[in-house]
Structure formats: structure tokens, C-alpha cells
Amino acid sequence: MRAILALVLVRIFVPCLFSPLACAADSIVFIDKQKLWILQSGEATYAFGVNERGELQHLYWGKRIGAQDFTSAHSLPDWASFDLSTTTTPQEYPGWGAGLYVEPALKVTFANGNREVVLHYLDYKVENNDVEITLKDAISALFVHLHYRVYPDNSIIERSARIENRTSEAVTLESAQSASWTLPQDPSYRLHYLTGRWAGEWQLQNEKLQFGKRLLESRRGSTGNEANPWFAIDHMDETDESHGPVWFGELGWSGSWRFTIERTPSDQCRVVGGFNSFDFGYRLASGESLQTPPFYAGFTDAGLGEASQILHRFQLERILPGSPHPPPRPVLYNSWEATEFNVNEAGQIALAEKASRLGVERFVVDDGWFGQRNNDHAGLGDWYVNPQKFPHGLKPLIERVRHLGMDFGLWVEPEMVNPDSDLYRVHPDWVMNFPARPRTEGRNQLVLNLARDDVKEYIFSWLDRLVTDNDIALLKWDYNRNWSEPGWPEAAPADQRKIWVRYVQNLYDIIDRLRSKHPRLEIEGCSGGGARVDLGMLRRVDQVWPSDNTDALDRLTIQYGFTEAYTPHVMMAWVTDVPNGIDGRITPLTFRLLVAMTGSLGIGGNLNKWTDDEIAGASKMISFYKQIRATVQDGILFRLGSPIESDFSAMQYVSQDSQQVVVFAFLHSQQFGRSMPLLHLRGLADDAIYSVSAIDDKLENPTRKLSGAYLMHHGIQLRLRGDYDATAIKFDRVR
Ligand code: GLA
């Protein structure tokens, strides 16, 4: 009977499933009669439809289901007189009105004082992998265009909204979210998220999702350390690293943002995210629109490990500059920890000569090269080369660096100014401020108001000149404080809060123009470490600096958290000197090198102090790194052991073509002579044969060849001992 019913359904649906108008791509099925959209992205299905009230109702998000199984949307009943159907029915993009008590995606005030918006379906458009659904307020000419993009190869869906005011008067948006994501009703969700502070970024947290609202946000003007706009939600008792369902997502916005993760008393769960509505108030004049940032989300039923693998692959293929094949990250040297502000031509040349002996491919001069920048009290804003430090400009240094076989990078912090600078003395009005109120400094600096177009043009023009006049391969773009006094006195009072949005749009505009004018220029995103890492930034920068904390032990945890959300390709990791500046810890050079080799490798120590033995040992390891770089930067990452849960941690990377596998293992402190657990590798073909080459002699019973079956089912035994021991092993497929 069931089979017959299925056939009938298929026959009914076939005409619209295959009509060109009904479904522009296999990834999007539109069933006209029932006003249903079924998005198929990789292993996941996402479905919604128009209900009998005309609302766009969410129907399903989870493991793949055939389109023929879905039936029309129908609103859910009231729960007594207290939770009306508007609240119990999950809407794709609920406006605040008509008795909605869950988190709205849109909240507005109209010119006449009305404060309600009730969105009804109006129209749709499907093109390739994109759907645009237009909703309209039941009463006024306020429109919302919901955009969905399906990434069929990545199990990811992108959502955003454009809010358009076609009324004759201004409308103020008090909350404008990118999307409301509804999960299947369930009482046992667990939320994973990332928190941190300067030098302690990327701390992975998890907790059972309780009733009420859990807020993850930044009110700081930029992405922030305290929380990152990434989430993963799984089933408490069912999901682990390699099994079970996970719903996950991240936002493409580098300004203040907010995720509201809500569990209602009836165990409905949703994630609403976009612009932070704190101090928000975006006035849309008649005819104007506001585009919200893209919010990307995905589903897998193969655990947290696969959730991060999907995100890594998505970032490599769809987000990063140069995607789908972003260029490999060169081994970099940065002089910051070696010299701090004490940079000059002779000193930098001496370091460059030593760096080239190590096998470094890119030499980066950090802070201190410009204006009167002898410490962090002065000079930001004055972007001329300091004539005492570089009497002939940067050219002789750059030429020497090029001659040594490296390319050249330079630090800038374009969005900031020290009050002790020529720029501030001439343009005190260029910083964000509230008139007649003190301007709070952070690291002795103030934030330029990029929302102003004159400030934006000024920044673009000096950056353009710098890159035009000098042979610069990389700009390290830093941003060392959060906002205070976010005033924009030159704007009309009703428009001043647009600063939260306009600043970031103008920042993006500067970077986009610079990159399109200088297509070979690369950029490293930095914010005193990792305080501005998000998919908005990753569209525009080739790599990021995750943390000023370069202590190798701390870095294990920091990098573990980082790679939950972002690919190791962008994760810069330097080897610096000991005792470490943050915590005084002393770790062996090989341990520091191996920790840094799990991401994109950099060297940040004072090479003048390195012994010949250290230089020789490090250069051998750097050449090993070059053999595994493509696997580490662009491969599939398996977390074999977590540094959060144990003193012993391990990571495995499999190259995209499955030809190489690399394993790193780290021991913090051995106790009681305990041997290391057998490491079972993952994701290999049983019958594949690999030749084995370890960086040292810490693999028990080293055999020259091993099978995938042996590596996964028997596992490998490592001989790590004492404190801060580590190893790396490379497996190259021979058959
Ligand atoms: C920030 C960066 C560092 C370094 C300094 C320079 O702290 O994170 O890497 O560039 O600024 O002032």
C-alpha cells in the first residue's frame, strides 16, 4: 500500500519537479501547487512553504529527504490563549507583530508610530542555486526579500534579507536579522560556541541548551574575541566527533552581531542572527533598502568533526580570495616579537638574511616603521616611512628581501589614530565621538570613523599609494581596540546609528577596491590577535592572526578551538622564543615548531639569538613542512585527541586527493610512565598502502609501509615521553 501511495505522489509531483520554471536546479525544488520549496544541499534538506495565513513557514532542516515526501505548510494551533499560533508556528522570517513572542527577525517603527510588521508571502524567483522570496507587510509597502543560496556540494545554505521601504515615509528598523533557523523540535540539544579574550581566544565551550534565550554577541563594533559568530548545536547524548546530527553556522559580518539561540518551553529551538540590535536604529528613507549580512548554515549527521570539515571545505572553495583554489600560504617571518618598535633598515636586513637561511618565503616588517612610531603612544595615522629608521625609504630593504628569495610584507593599522599624530592634530573630527564628551582611548588610540566617506577615501588613497610605490606582497592589517563613543555628529541625528553598519560596509569597500586594483596583493587579518575573524573578513583576507599568544601549549587549545570554525589554511602560527612573553613558559623548539606546523607556519623569534644548531634543526623541519603544507592547509582535518580533554592530543590531515596523510601528536606532561594510547587514524581506504616517514624516531616499530586498514583498525603507537614532547609522521600513498 505504501509503495502505491509513493508512486501516486511521485506522479503528481513529476510535472512540477521537472518543469524548468518550477525547479531551476536539482538543488531547489519548487512545488507550485502547494507553495513548497525544498532545498537539497549535499546530505541535507531544508524545506519551507506558505501556510494558509500566507506566512512563510519553516518545515524541515536535517538529513536528506526526497521532495515528494513534503506536504503543504499548515500553521500550528494556539497553545491556550497565551501562546497564539503566530508564536507556535515556526516562521522563516518573523516580523514582530500579531502576538509573536519568540525572537523576531524584524522589528520596525513606522513614521506614524505603528510598531508592528506582519509579513506575508508575495512572490518568488528561482535562478540556478538561488531562491528569492518576497514578503510584504500585511498593511504597508514594506517589503522583505529573502535570499537563499544552496551550495549543493557543501551541505550549506546561505541566507540573507533585504528590507525595502516602498512606503512614502521613513521607517526605522530596530532589529534586522539575516535569518531565523529552526531546528527540529527536541529537548536534548547541546550548544557549542567559542569564547575568549586577548591572548586567550578560541576557547571551545559547550552546554546543554536550557529554556529561554542564550545570547552570543559583540557590541564592540567589530567581531570580537568574547564570542565568535559561529555555533554548532547537536544532540547531547548522541553526537560526538564522528557520529550524530549537528546543525552549525557562521555569519559573514565583521561588525557588531548577535545570535539569539532560543529554546521555548515547548522545546522548539531556533537560532536568529544578524546585526546586533543593541543601539541599532537604521532609518530607511522612502525607496531605500538595507541588506543584511549573509548567514551560512549547514547540517551533517556525522558528528562535530564533519561539521568543521564541511566549513573548512566551504571556506576554501567558496569564501577565501582565490577560491576554489586559494594559493598556498608561504612560510613567513615576522619581526614583531624580535624587535617590537625598534625596527630599522640594518636590523631588518640582518633578520631577513637569517630567515632566508631557514627556508622562509615571506619577510614581514611589523609595527614601528612609520611616522613617530617609537612606542604605542604616537604615530598611528602618519603613514610615511620614518626617515631615521629607513633613511632611503623601504626600497633598499625590500630589494634585499627579494634578492634573498623572499617576498615582502608590511604591517598597517589603517582604521586607527593616536591623538599624538599629525593626522589627529589636523582632523580631530575624523574619529568617532560624541561632541563635548571625552574620547576614551584604548592602547592610546582612537577609532577613525570609516562611516564618513572622506575618511574612507583618505584611507584608500594612502594604502593605494603605499602598495603602488613599494613591492608589497602582503599587508598585515591590524585593528587593536574596540569602539567607544560611537558617535557620528556630522550625520543627521536620525541617521547617526547607521554607523554600526556603514563603518563595516566602508571597510569592506576599501579592501575590495585595494584588492581589485592590486590583484597580487595579499592581506593578513589581525585584531590584536583573533578579534576580527568571520566570513565577512575571510572573503577579503588570505590569512588571519588567531592570537598574540604564541606559547605553544596555549596554542594547542587556541588552535583546536579555531579549527572548529575556520580552516587551518588561514590560521597563522608562529614559532617564537622562550620564555614566552605571555606566560613565561619554556618549551623545546621542536615542540614549538610542530605546534606551528599544524596551521600556516610562521617564524617570529629573534633569529639573532638562535644558535647554528637551532637554525639547522629548524630549517630541516621547515623543509619537512613544505612537503606536507598542502595537506595541512587544504586537507581534511580529523581531531584524534583533544588538548582540552587530555595531556595528549593529536591531529590527522588527509590531502584532498587522498594521497598523503599527516599525523601530529603532542604530549604536555607524562605521568607514572604511562604510554601513549594507540592512535587510530580515520577516513582512509582499507586497502590503501602508505610509505611511512616520521620527522623523528618516536613511532614504535617503524615499518616502511602500512595499510589503511592497519592505520585505522590497529592504530599506531607513539613513544612520547616527559614534558612537551611531540612528533609528526607523514604517510604517502603508494598504492
Ligand atoms: C597587535 C598584533 C601583533 C603586533 C602588534 C603591533 O597586538 O596582534 O601581532 O602586530 O599589534 O603593535
Side-chain angles (χ1 to χ4, degrees), residues 196-202 220 222-226 228 254 329 332-344 347-348 351 362-383 386 389 408-418 420-421 441-447 466 472 474-482 522-534 537 541-552 554-555 558-559 562 570-577 580-583 592 596 599-606:
R197 58 175 189 156
W198 178 79
E201 301 87 344
W202 307 105
R220 297 164 179 259
S222 72
T223 323
N225 281 324
E226 294 62 31
N228 186 270
S254 312
R329 299 295 82 225
L332 160 162
Y333 178 81
N334 180 299
S335 61
W336 171 245
E337 288 204 21
T339 61
E340 296 210 336
F341 298 97
N342 198 10
V343 292
N344 58 48
Q348 293 295 303
L351 287 167
R362 175 170 286 171
F363 183 84
V364 182
V365 174
D366 210 278
D367 200 350
W369 59 270
F370 55 91
Q372 293 308 307
R373 186 76 169 165
N374 298 315
N375 50 50
D376 63 13
H377 286 260
L380 277 181
D382 299 339
W383 298 102
N386 180 295
K389 298 176 181 179
F408 182 77
L410 192 65
W411 182 94
V412 291
E413 193 175 1
E415 299 153 80
M416 300 287 170
V417 65
N418 286 118
D420 185 0
S421 66
E441 293 176 23
R443 206 194 190 200
N444 316 301
Q445 62 197 54
L446 298 168
V447 188
L466 181 72
I472 292 174
L474 173 97
L475 287 177
K476 175 177 172 185
W477 187 304
D478 212 338
Y479 177 84
N480 272 307
R481 60 160 295 182
N482 296 130
E522 294 192 344
I523 297 180
E524 173 173 314
C526 176
S527 176
R532 194 163 62 183
V533 181
D534 56 76
M537 222 50 199
V541 302
D542 303 84
Q543 57 193 51
V544 297
W545 182 229
S547 176
D548 275 353
N549 185 338
T550 56
D551 169 63
D554 286 359
R555 269 290 177 139
I558 285 172
Q559 296 178 179
F562 184 96
V570 299
M571 183 177 76
M572 295 311 296
W574 302 350
V575 178
T576 57
D577 294 335
N580 184 271
I582 298 283
D583 53 21
R592 281 176 270 148
S600 285
L601 176 64
I603 308 292
N606 186 349

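Numbering of ligands and ligand atoms starts at 1, following listing order.
- Using bins of under 30°, 30° to 60° and over 60° for the plane-to-plane angle, the ring pair W411/W383 lands in the tilted bin.
- Residue contacts with ligand 1: G529 is placed with a nitrogen or oxygen under 3.5 Å of a nitrogen or oxygen of the ligand (distance criterion only).
- Of all the listed residues (D548, V412, V364), D548 holds the heavy atom that lies closest to atom 8 (O) of ligand 1.
- Neither the backbone nor the side chain of E337 comes within contact range of ligand 1; no heavy atom lies under 4.0 Å.
- In terms of polar-atom proximity, defined here as any N/O pair under 3.5 Å, S527 makes no such contact with ligand 1.
- Look at R443 and you'll find a heavy atom under 4.0 Å from some atom of ligand 1.
- Between W198 and ligand 1, a contact under 3.5 Å exists for no N or O pair.
- The aromatic rings of W202 and F562 lie perpendicular to each other, with more than 60° between the two planes, well past the 30° mark.
- Residue contact check: G528 has heavy atoms under 4.0 Å from atoms 1 (C), 7 (O), 8 (O) of ligand 1.
- With distances taken over non-hydrogen atoms, the option nearest atom 11 (O) of ligand 1 out of D478, N334, N549 is D478.
- Defined by atom type and a distance below 3.5 Å, a donor-acceptor pair is missing between the side-chain atoms of N606 and D577.
- Between the side chains of T223 and N228, no donor-acceptor pair is found at a separation under 3.5 Å.
- Looking at D367 next to ligand 1, an N or O pair under 3.5 Å apart turns up.
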| Worked check of side chain to side chain donor-acceptor pair (under 3.5 Å) between K389 and N342 | CA-CA 9 Å; K389 298 176 181 179; N342 198 10; over 6 Å; no
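- At a heavy-atom cutoff of 4.0 Å, ligand 1 is contacted by the side chain of K476 but not by its backbone.
- Atom 10 (O) of ligand 1 has D366 OD1, 2.6 Å as its closest protein atom, hydrogens excluded (heavy atom only).
- A cation-pi arrangement is absent between R329 and W545 under the rule of less than 6.0 angstrom and at most 45 degrees off the ring axis.
- Sparse packing is recorded around CZ of R197, with 12 or fewer heavy atoms of other residues, nucleotides or ligands lying under 6.0 Å away.
- Ligand 1 places these atoms under 4.0 Å from at least one heavy atom of C526: 2 (C), 8 (O).
- For N418 and R373, the side-chain atoms include at least one donor-acceptor pair closer than 3.5 Å.
- Under the ring pair (Phe, Tyr, Trp, His ring centres under 6.0 Å) test applied with F341, the options W336, F370, W369 reduce to a single match, W336.
- Close approach of ligand 1 to W545 (heavy-atom distance below 4.0 Å) involves ligand atoms 8 (O), 9 (O).
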